[in-house]
Number of protein chains: 2
Amino acid sequence: MSMNNFELYKVFYWAAKSGSLTKAAKTLFLTQPSVSHAIKQLEDSFGVALFSRNSKGVSLTPEGATLYSYIEQSHILIGLAEEKMAELKKLESGELRIGGSDSLFKHFLLPYLEAFHDEYPGIKLQLIHGTTPEIITFLKEGRIDLGVVRMPIVDPQLEVRESIQLQDCFVAGSRYAELKGELLSMEQLLEYPIILFSRNSRARKAVTDLFHNYGFNLKPGIEVGSVDLLIELARKGLGISFITREFVSRELEEGSLFEVKLDVKMPPAQVGIMTLRNIPLTRAASEFLGRIG
Amino acid sequence: MSMNNFELYKVFYWAAKSGSLTKAAKTLFLTQPSVSHAIKQLEDSFGVALFSRNSKGVSLTPEGATLYSYIEQSHILIGLAEEKMAELKKLESGELRIGGSDSLFKHFLLPYLEAFHDEYPGIKLQLIHGTTPEIITFLKEGRIDLGVVRMPIVDPQLEVRESIQLQDCFVAGSRYAELKGELLSMEQLLEYPIILFSRNSRARKAVTDLFHNYGFNLKPGIEVGSVDLLIELARKGLGISFITREFVSRELEEGSLFEVKLDVKMPPAQVGIMTLRNIPLTRAASEFLGRIG
DNA sequence: ATTATTCATAGACATGATCTATAGCTCCTG
DNA sequence: CAGGAGCTATAGATCATGTCTATGAATAAT
């Protein structure tokens, strides 16, 4: 397994392709003797003549032609590889795989995704939704480039950047219009039917813990599995929904929902963007990260 | 069209394949820092990370994996090319294309061809028959590696090696038994029916010219197109055949033909082996040439 | 003949690949 | 927890190898 210097094959390729050592030299920004020498090295290493030299240039011997048939392919592949890498660098191709929750995609990431896709239409976007632990697993398995979840994240393998803050709150529809403008205590709130996100949500755990710290037990009248339902049920007056305020900004503005204020301050939730520590980011991923950072 | 140093791709290949710069270094008989540096060069040139470094070695980033898919192919092709060249050098493959006349193949070249094929069964033999001018054309067009014809050949583009001598003579069968042992003059010979090779043969021209120089006109009673027929007709007693003695050595020995001696010495004919001047020979061709030289 | 090509060769030179030495990091082990 | 055994990165010195210049030799065209 000796293996010649691959650089020699580049010289051979151009010499064979152009039928002239002089031309090959020009293409490669070398001098003619360099090319001559390189070819000689190859010929010596194989113990076979590759070219016949004549006064107008060179032409391949049968053995040289055999070699060329392989090297040409090989050379083309390298050319394609270099093109591809340039594309990847210029974000003309590649993919960006992001893990997160559907609601974060919809209410937080969507405008960034649109802008990114407009600017780099060659990058394939892949959105993978799952719970926070699932997202972490996907990251570690290399199935996604970025994970977008609620803080806090504590995992030594992960590098987490804090992004925007989200503020959770309680909202209700016209059915509970009497609460508009009021400042409720936890106790007062608990007299109303509460709608919470289903059990394994981190936001739900956070609010349940908060109530628990104040000595109250927050148990929902209704549990739902999607943010859309959380909104819908509150509007229909089935209860008071606990939800991220930013996800209902439209409804709050148009007045179909209003915030039910508590006298206890709800701690804000950070959105964290996770990447694997010490694993280099894809060009696409690092560009995207720069935009949402 | 920048094109990295191809040697870097060799390093990249082994690093990616083994997942370890240290192992790649061992494979390539380099030190680990060299490999590290080479990879860095590639990464810098692309502006893209190719590996993520961890404590157990390295692993490809998505971009690195993309590059690898091209480079692996390319590397395999070069490996195949080098194997192929080694085969060609060791004469384990390749081909040998010889041009000549059927009778020279059969009576002169055959034993060499047999021996050559026994020793190098991987070499494909191609025998192409034609007249001397055709053979020369084939040579110049690169369709054959060697031409085997009768001398003299005068062509500045050709390099001719003289091989064995052939002696032309007249032979007859038992029908003309009375001539056995006799020494005939041209005049006497011409009283018998003469069998000659067909018009465009060089041997025929030579003997016709010889007779002409002595003031005689040699015109055949029968013309044939093959040496076999020349022999056969002489044996059957249809005339006296002009033929190369070496081609009928078996018949002369077994007595089915005998030589009709002339008092004029027939000039010997050289066999010439032609190659193109200044065009390197195939390994197979030069080996074969060495054996018949 | 003369000129303009081509490639080959020899020897000087300098670039750049490679080396040594060292540091930093992670993981494993006693 | 300390120490060792992996791994890769970095810096700087070194020297080999690729590249150059200068020249020659051959061929073809003018």
Side-chain angles (χ1 to χ4, degrees), chain A residues 2-45 48-61 64 140 155-159 276-280, chain B residues 2-45 48-61 64 140 155-159 276-280:
Chain A
S2 58
M3 288 256 158
N4 272 312
N5 186 325
F6 279 15
E7 199 65 0
L8 298 179
Y9 292 120
K10 192 199 285 177
V11 179
F12 170 77
Y13 173 79
W14 287 108
K17 190 182 172 78
S18 65
S20 155
L21 303 196
T22 306
K23 278 184 197 150
K26 277 174 190 154
T27 307
L28 295 164
F29 302 103
L30 294 175
T31 55
Q32 170 268 317
S34 292
V35 174
S36 182
H37 184 231
I39 300 299
K40 192 169 175 6
Q41 275 184 74
L42 270 187
E43 290 183 322
D44 288 350
S45 88
V48 159
L50 299 172
F51 290 102
S52 56
R53 281 75 167 167
N54 50 61
S55 64
K56 317 186 71 79
V58 295
S59 56
L60 289 165
T61 60
K140 292 185 179 171
D155 189 316
Q157 284 187 59
L158 300 182
E159 183 157 344
L276 279 179
R277 186 179 298 281
N278 295 331
I279 300 277
Chain B
S2 58
M3 287 256 156
N4 273 312
N5 187 324
F6 280 14
E7 198 65 1
L8 297 179
Y9 292 120
K10 192 200 284 175
V11 178
F12 170 77
Y13 172 79
W14 286 109
K17 191 183 172 77
S18 64
S20 154
L21 304 196
T22 306
K23 277 183 198 150
K26 277 175 191 152
T27 307
L28 294 163
F29 301 103
L30 295 175
T31 56
Q32 171 268 316
S34 293
V35 173
S36 181
H37 185 233
I39 299 299
K40 191 168 176 4
Q41 274 185 75
L42 270 187
E43 290 184 320
D44 288 351
S45 87
V48 159
L50 299 172
F51 290 102
S52 56
R53 282 73 166 167
N54 50 61
S55 64
K56 318 185 71 82
V58 295
S59 57
L60 289 166
T61 61
K140 292 184 180 173
D155 188 317
Q157 285 188 57
L158 299 182
E159 183 156 344
L276 280 178
R277 185 179 299 280
N278 294 330
I279 299 276

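To find a chain, count down the sequence lines: A is the first, B the second, and so on, and within it residues start at 1. It should be emphasised that the depicted structure is a prediction, and the values quoted were computed from it without experimental measurement.
- One interatomic measurement links the two molecules: CD of B/E43 to P of D/dT8, which rounds to 13 Å at whole-angstrom precision.
- Comparing A/L8 and B/K26, the nucleotide of DNA chain D nearest to each residue sits closer to the 5' end for B/K26.
- Where B/L21 and A/L30 each meet DNA chain D at their nearest nucleotide, the meeting point lying more 5' is that of B/L21.
- Heavy-atom nearest nucleotides on DNA chain C were determined for B/P33 and for B/A38, and the one closer to the 5' end corresponds to B/A38.
- Contact between the side-chain N/O atoms of B/S34 and the OP1/OP2 oxygens of C/dA17 is not found at any separation under 4.0 Å.
- Between the side chain of A/Q32 and the base of C/dA8, at least one donor-acceptor pair of N or O atoms lies under 3.5 Å.
- Listed nucleotides C/dT9, D/dT19, D/dT8 differ in distance to A/S36; the shortest reach to its side chain belongs to C/dT9.
- Separating the CZ atom of A/F6 from the C1' atom of C/dA17 is a distance of 17 Å, rounded to the nearest angstrom.
- A 4.5 Å side-chain heavy-atom check between B/L60 and B/F51 finds at least one atom pair inside the cut-off.
- Here the C1' atom of nucleotide C/dC25 and the CZ atom of A/R277 are 13 Å apart, to the nearest Å.
- For the OP1/OP2 pair of C/dC19 and a distance below 4.0 Å, the side-chain nitrogens and oxygens of B/T31 include at least one atom meeting the criterion.
- Annotation for A/K140: atom NZ counts as buried by contact number, over 12 foreign heavy atoms lying within 6.0 Å.
- The separation between B/H37 atom NE2 and C/dA17 atom P is 7 Å, rounded to whole Å.
- Closest to the B/R53 side chain, of the nucleotides D/dT8, C/dA17, C/dC7, is D/dT8.
- Summarising the geometry, the separation between CZ on A/F29 and P on D/dC20 is reported as 12 Å, rounded to the nearest angstrom.
- Atom NZ in A/K40 sits roughly 12 Å away from atom C1' in C/dC7 (whole-Å rounding).
- If you check every strand for non-hydrogen atoms under 4.0 Å, A/V58 touches sugar and phosphate atoms only.
- Counting to the nearest Å, the C1' atom of D/dT8 and the CG atom of B/N54 are 10 Å from each other.
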Where do B/V11 and A/F6 land on the side chain to side chain contact (heavy atoms under 4.5 Å, CB included) test, with the steps shown first? CA-CA 10 Å; B/V11 178; A/F6 279 15; over 6 Å; no
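- Salt bridge B/E7/B/K10: present, at least one basic N to carboxylate O contact under 4.0 Å.
- Listed pair A/S55 / C/dT5 fails the phosphate criterion, with no side-chain N or O lying under 4.0 Å from OP1 or OP2.
- As rounded to whole Å, 16 Å separates atom P of D/dA5 from atom NZ of B/K56.
- Remark: A/Q32 pairs with no residue by the side chain to side chain donor-acceptor pair (under 3.5 Å) rule, at least two apart or across chains.
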